[in-house]
Amino acid sequence: MKATRYTRLFYDEKVLTWSERLLTLQGLWPENGNDFRFFFYTVYVTVFISLELVGLAQNFHDLDKTLRNVTLSLPSILILLKAIMFRWQMHLVLPILEIVRRDISDGLYRTNNERERIVWYNMAATMFTTSSAMSLFFVPTLFYSKPILDCVLSSYNNCTLPYELPARVNHVYYVTDARATGADSLLVTLTFYLCGQLSILGNRLKNINLTAGKYHYEMRLLLDRHAELLGLAMILKKAFSILMFVQTLGLICSLCVVAFQLLTTSENGQDLNTVHFVLYSCAVVLLAFCYCFLGECLIEESSAIDLACYFTNWYELPAKEARFVSFCIARARKPSYLTAGQFYVFSLETFGVIIKASMAYLSVLRTVT
């Protein structure tokens, strides 16, 4: 009963609900773009980044404050760049949204077995989007309230601690790199949707009716569906490739800088700051793992179509009918994947590359300083 209740809580049958709400606030929903909201959003973030960069220039002589400011400003810069890039490429997502809405109206699954295959992907997408949206509001609120909490928890009855503005106080704000923009949420939602549909397609191929007349008709439908899903994967890769390249560079730089700060504070015995840096580092590593895991799921599900075709009783079919199976296998031999800048393929192997690159830059930074 508990598992069923949790499934209903996180399972979004409409798939796009949370991503649409988050992107609409920024004026970036592809089906209903709002230039005024987008302009207001970009101006607001630009002003905030400008204040952060002013603080960076004022404290450039102090390495510790400089690194703290970089840690604060880098996520904001990434969010602004990704929003602008998505605004530039969001028209590419319209065909995917049209097909998703068509599938929703027709039914995302036919049997309980197919529902079990798709429910996990929809739950994961919903949980990622909702947690991202909550962090966008909760973490900044916690950041602004930190000086007040420090005063309340102070051991002195007459507290006179100053209330410093966010551009100068970086402690609690470190964890905000775990948040995501609406474009990230849409990428996760559409990719998990695509993985779920590929999984359902593989299940239908395994259980296809081998009766001569019915097989020809059903196999043609499944082949057309496979070609359609592969086309969606190509559009997804093209629409988010540059955005994910910026995100990957940001993750590498963030992890490098925070690891350096963690080493510095631990050597100086600053236990409270060490805890903040550990939380931030874990958040960055987890975010990098999420993107790589997302790409790995797409690779695995698109490759599984090959085995799904192979494990059918194709040897019982006439040679003319068996050609359909060979067509599907040939297409599945080249799996779909997500890329960063058309050359950085997201997979669990790429996760190791990101960590290694961050540690390499960390070594260089320690040598220079």
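Bear in mind that the values here come from a model prediction, so they are computed numbers and not experimental data.
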For the residue pair R87 and Q26, confirm or rule out a side-chain donor-acceptor distance under 3.5 Å. no

According to a hydrophobic-cluster definition based on side-chain heavy atoms being under 4.5 Å apart (Ile, Leu, Val, Met, Phe, Trp, Tyr only), do I235 and L190 belong together? yes

Using side-chain heavy atoms (C-beta onward) and a distance below 4.5 Å, is Y291 in contact with T350?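 Heavy-atom side-chain distance check fails, nothing below 4.5 Å.
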
Can a donor-acceptor pair be found, under 3.5 Å and without considering hydrogens, that links the side chain of S363 to the backbone of A360?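 Answer holds: no.
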
I329 and I208: same hydrophobic cluster, using ILVMFWY side-chain contacts below 4.5 Å? yes

Same apolar cluster (I L V M F W Y, side chains within < 4.5 Å links), L94/M234: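 No, L94 does not connect to M234 through the hydrophobic network.
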
Scanning both residues in full, the closest heavy-atom pair of K237 with T339 reads CG-OG1, 3.4 Å

Going through the checks in order, is the side chain to side chain contact (heavy atoms under 4.5 Å, CB included) test met by L251 and L255? CA-CA 6 Å; L251 289 173; L255 187 57; over 6 Å; no

Distance in Å, T191 OG1 paired with L338 CG, rounded so as to fall on 0.5 Å steps: 4.5 Å

Mark yes or no for whether T42, through its side chain, and F39, through its backbone, hold a donor-acceptor pair below 3.5 Å. yes

L243 side chain reached by Q89 side chain, heavy atoms, under 4.5 Å: no

Which distance, rounded to the nearest 0.5 Å, do you find between the CE of M244 and the CG of L249?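 So the gap between those two atoms works out to 11.0 Å.
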
Contact check, side chains of Y193 and I99, non-hydrogen atoms, under 4.5 Å: yes

Which atom of R331 lies closest to which atom of L230, heavy atoms considered: CB-CD1, 4.1 Å

Does the pair R204 and I200 meet the rule for a side chain to side chain contact (heavy atoms under 4.5 Å, CB included), with working shown? CA-CA 6 Å; R204 291 177 182 175; I200 289 177; 3.4 Å; yes

Minimum heavy-atom distance A308-G202, with the two atoms named: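 Closest approach of A308 to G202: CB-O, 3.5 Å.
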
Between A183 and L23 the two heavy atoms that sit nearest each other are N-CD2, 3.6 Å

Quick one: sort the F289 and F293 rings into parallel, tilted or perpendicular, breaks at 30° and 60°. parallel

Approximate separation, where rounding is to 0.5 Å, of K356 NZ and I252 CD1: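 Rounded to the nearest 0.5 Å, the NZ-CD1 separation comes to 13.0 Å.
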
With a 4.5 Å heavy-atom cut-off, do P30 and F86 have their side chains touching?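 With C-beta onward as the side chain, the pair touches.
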
Approximate separation, where rounding is to 0.5 Å, of C290 SG and F351 CZ: 9.5 Å

Minimum heavy-atom separation for E301 and C195, please, with both atom names. CG-O, 3.8 Å

Would you check if L187 and L236 make a side-chain contact, meaning some heavy-atom pair closer than 4.5 Å?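 Yes. Closest side-chain heavy atoms under 4.5 Å.
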
Heavy-atom side-chain proximity of E228 to L201 below 4.5 angstrom: no

Rounded distance [0.5 Å steps], CG in L194 versus OG1 in T189: 12.5 Å

Quick one, L97 with M90, criterion side chain to side chain contact (heavy atoms under 4.5 Å, CB included). Give me CA distance, side-chain angles, the key distance, then yes/no. CA-CA 11 Å; L97 298 180; M90 70 179 188; over 6 Å; no

Just wondering, do L298 and L198 contact through their side chains at under 4.5 Å, heavy atoms? yes

Around atom CZ of R333, are there more than 12 heavy atoms from other residues, nucleotides or ligands closer than 6.0 Å? no

Y337 atom OH: more than 12 heavy-atom contacts under 6.0 Å: no

Within the structure provided, determine whether E20 and L186 are in side-chain contact (heavy-atom separation under 4.5 Å). no

Count I, L, V, M, F, W, Y as connected when their side-chain heavy atoms are under 4.5 Å apart, and connections chain through other members. Are Y44 and F38 then in the same cluster?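 The answer is yes; both residues are in one hydrophobic cluster.
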
Please indicate whether E31 has more than 12 foreign heavy atoms, meaning atoms of other residues, nucleotides or ligands, lying under 6.0 Å from its CD. yes

Quick one: CD1 on I79 to OH on Y41, what's the gap to the nearest 0.5 Å?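 Taking CD1 in I79 and OH in Y41, the distance rounds to 5.5 Å.
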
Strictly distance-based, threshold 3.5 Å: is any side-chain N or O of R37 a donor or acceptor partner for the main-chain N or O of T24? yes

Applying side chain to side chain contact (heavy atoms under 4.5 Å, CB included), run through C328 and L205 and close with a yes or a no. CA-CA 10 Å; C328 197; L205 285 168; 4.0 Å; yes

V345-I355 co-clustered via ILVMFWY side chain contacts under 4.5 Å: no

